[in-house]
2 protein chains.
Amino acid sequence: MNSAKHPIQAVQRTLDIVDVLKEKREARVTDIADELDFSKGTIHCHLATLEQNGYVVKNGQQYSLGLQFIDLAHHATDRVDIYDITRAEVDKLAAESGEMALFTVEEHGEGICLYKAEGEDAVQTELYVGYRNKLYHTAVGKVLLAFMPEERREEIIRETNFEQITPNTITDPGELRAQLTEIRERGIAYNHEETIQGLVGLGAPIRDQDGTLYGAVSLIGPVSRMEDERLTEELPKLIRRAVNIVEVNITSL
Amino acid sequence: MNSAKHPIQAVQRTLDIVDVLKEKREARVTDIADELDFSKGTIHCHLATLEQNGYVVKNGQQYSLGLQFIDLAHHATDRVDIYDITRAEVDKLAAESGEMALFTVEEHGEGICLYKAEGEDAVQTELYVGYRNKLYHTAVGKVLLAFMPEERREEIIRETNFEQITPNTITDPGELRAQLTEIRERGIAYNHEETIQGLVGLGAPIRDQDGTLYGAVSLIGPVSRMEDERLTEELPKLIRRAVNIVEVNITSL
DNA sequence: ACTGATGTTTGGCACATCCAAACATTTAAT
DNA sequence: ATTAAATGTTTGGATGTGCCAAACATCAGT
């Protein structure tokens with residue numbers, strides 16, 4: 001009687017422990033046992049197994065995530081064929097615009113930041129490589145939704161829990177769909193302070209000739225600099241150029 | 001009867017699966033079942049559990065590592081306090097020298113590359129951020145061994161399986177110990193084609209006032225450029241400067 | 001020395017994991 | 001088209017394992 005609805009419990013427990021270590025950065029056996037409501041002995045065994053495999057490090061009583069995850073991260077990234085090319089273009093984009101430039105792809109209905117480049121005047125955000133966010137309230141997210149296959153889009157929207165993060169956050173699926181249609185026509189998506197007050201973003205999709213979506217590139221900056229023609233003309237132009245260069249290179253993979 | 005000697009089997013199995021996915025980049029249920037000699041049903045359940053947690057991605061029949069590991073990698077790196085400072089200095093070092101510059105730390109008796117910067121003439125190697133290697137045959141490795149607590153050093157050396165990778169590779173624990181003593185006096189370790197023929201490396205430790213070891217910085221280049229005064233004077237000077245700047249900043253953490 | 005907290009180990013029971021086999025689904029071949 | 005082969009998925013049941021509670025070990029503070 002094992003299926004997706006019946007995950008392997010021991011494994012699930014270990015993954016929960018990893019999650020706690022991620023949140024807490026460091027934790028002792030008792031901390032984790034309390035947090036997850038398991039016996040100390042159980043947690044101990046799980047941690048020992050993880051440590052033996054190098055996925056967890058023990059410093060005195062404190063356990064924390066091992067650096068071996070970096071290795072796994074590299075191999076996971078390796079699957080993204082356009083990574084190297086896009087990275088180079090995102091660097092240029094950041095330099096040209098002076099803002100923060102990002103490369104994001106979709107996985108499991110979320111946007112995952114794969115590369116971040118900071119221009120001279122880049123805003124400081126909590127964004128990091130590996131950061132995951134919901135698609136409905138970011139520029140890249142809306143781009144990814146707009147250009148993915150319709151059935152998948154509807155599936156994700158259906159499962160989305162719309163939260164009012166800022167006054168501007170879209171909370172209505174209907175309105176989201178309307179914006180996505182616009183985005184498909186315009187080729188550029190905007191985020192008008194929908195995630196963080198004072199921050200504006202804009203993004204464009206990376207697609208091959210068949211229209212297959214590979215990811216999205218975006219710029220983020222303060223609302224004071226992201227207005228008028230710069231927002232509607234200049235920056236979209238820069239992004240489109242960056243994206244085009246990547247797209248040209250897709251065919252040669 | 002569960003201890004470190006008796007790891008949780010279900011978890012161990014899952015970790016083995018992750019390992020296969022890392023090696024193969026993509027694999028089907030049957031591939032993994034054959035490789036690990038388990039039933040298809042078992043592998044299927046493990047993969048389902050991993051997928052539900054976002055650690056694995058399914059494309060048709062092919063499973064591969066999920067991008068969520070990047071998130072974990074970030075949080076693991078977060079533990080390395082000097083990461084940001086060192087990264088900046090390694091960038092400079094690469095620019096100044098034109099070679100490949102690396103920042104490496106020790107974990108579980110291995111060297112783990114945390115940052116890589118490529119100068120203008122940098123050699124291309126298989127090295128990537130997250131790459132793990134044994135300590136006895138690299139410059140950083142020998143640095144880390146030389147400056148870590150003695151008991152730990154001996155423990156690692158004892159467990160090391162010395163392989164003759166190139167003609168120059170050290171295969172004798174005694175000779176290694178002799179070199180480590182030299183390195184402690186000189187403050188710089190060299191790798192004379194001990195890992196790859198034609199490649200020479202040199203590294204120095206990052207330590208605080210108490211002598212606590214934080215990691216190592218190194219340069220790698222072709223033997224043709226790594227000789228004479230450049231190798232014995234110029235480059236060590238550059239590395240020492242980079243390391244010093246990091247060390248000064250440690251106290252303020 | 002004693003107390004309280006923690007990490008670690010132990011043994012035994014409940015039940016979760018694993019296997020084999022059957023089924024469903026896709027792909028290849030005739 | 002029809003069959004054959006290979007794969008992913010599901011099922012039920014026997015085995016053995018993961019979990020808990022409790023005891024033990026270790027350490028810090030009083």
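Note: hydrogens, waters and symmetry copies are ignored here, and every other heavy atom, side chains too, is used. Numbers restart at 1 for each chain; the letters A, B, ... are given by sequence-line order, proteins then strands.
- If you measure from atom NE2 of B:His46 to atom P of D:dT9, you get 15 Å, rounded to the nearest angstrom.
- Among the nucleotides C:dG7, C:dC18, D:dC20, the one closest to any side-chain atom of A:Ile8 is C:dC18.
- Taking atom CD on A:Gln61 and atom P on D:dA28, their separation rounds to 9 Å, with Å as the unit.
- When distances are taken from the side chain of A:Arg28 to each of C:dT6, D:dT7, D:dC19, the shortest belongs to C:dT6.
- The CD-C1' distance, from A:Gln9 to D:dT17, rounds to 12 Å in whole Å.
- For the pair A:His44 NE2 and D:dA22 P, the computed distance is 19 Å after rounding to whole Å.
- Separating the CD atom of B:Gln52 from the P atom of D:dT9 is a distance of 13 Å, rounded to the nearest angstrom.
- Taking the six-membered ring for Trp, A:His44 and A:Phe38 have ring centres at least 6.0 Å apart.
- Toward the 5' end of DNA chain D, the nearer of the two residues A:Lys40 and A:Ala10, judged by each one's closest nucleotide, is A:Ala10.
- Considering CG of A:Leu72 and CG of B:Asp19, their distance stands at 8.0 Å, rounded to 0.5 Å.
- Distance A:Leu50 CG to D:dG18 P: 13 Å, rounded to the nearest Å.
- B:Lys40 and B:Val29 make their closest contact through O-CG1, 3.6 Å (heavy atoms, listed as atom of the first residue, atom of the second, distance).
- Atom NZ of B:Lys134 has 12 or fewer heavy atoms from other residues, nucleotides or ligands within 6.0 Å.
- Atom CD of A:Gln62 and atom P of D:dC27 are 16 Å apart (whole Å).
- With rounding to whole Å, B:Leu47 atom CG is found 11 Å from D:dG8 atom C1'.
- Map B:Ile43 and A:Asp34 each onto its nearest nucleotide of DNA chain C; the residue landing nearer the 5' end is A:Asp34.
- Contact between B:Arg207 and B:Glu247 at its shortest, heavy atoms only, is N-OE2, 2.8 Å.
- Place A:Lys58 and B:Phe38 on DNA chain C by their nearest nucleotides, and A:Lys58 ends up nearer the 5' end.
- Contact between the side-chain N/O atoms of B:Ser39 and the OP1/OP2 oxygens of C:dC19 is found at a separation under 4.0 Å.
- Here the side chain of A:Thr30 is nearest to one of D:dT9, D:dT7, C:dT6, namely C:dT6.
- Here the side chain of B:Arg13 is nearest to one of C:dC19, D:dC20, C:dC18, namely C:dC18.
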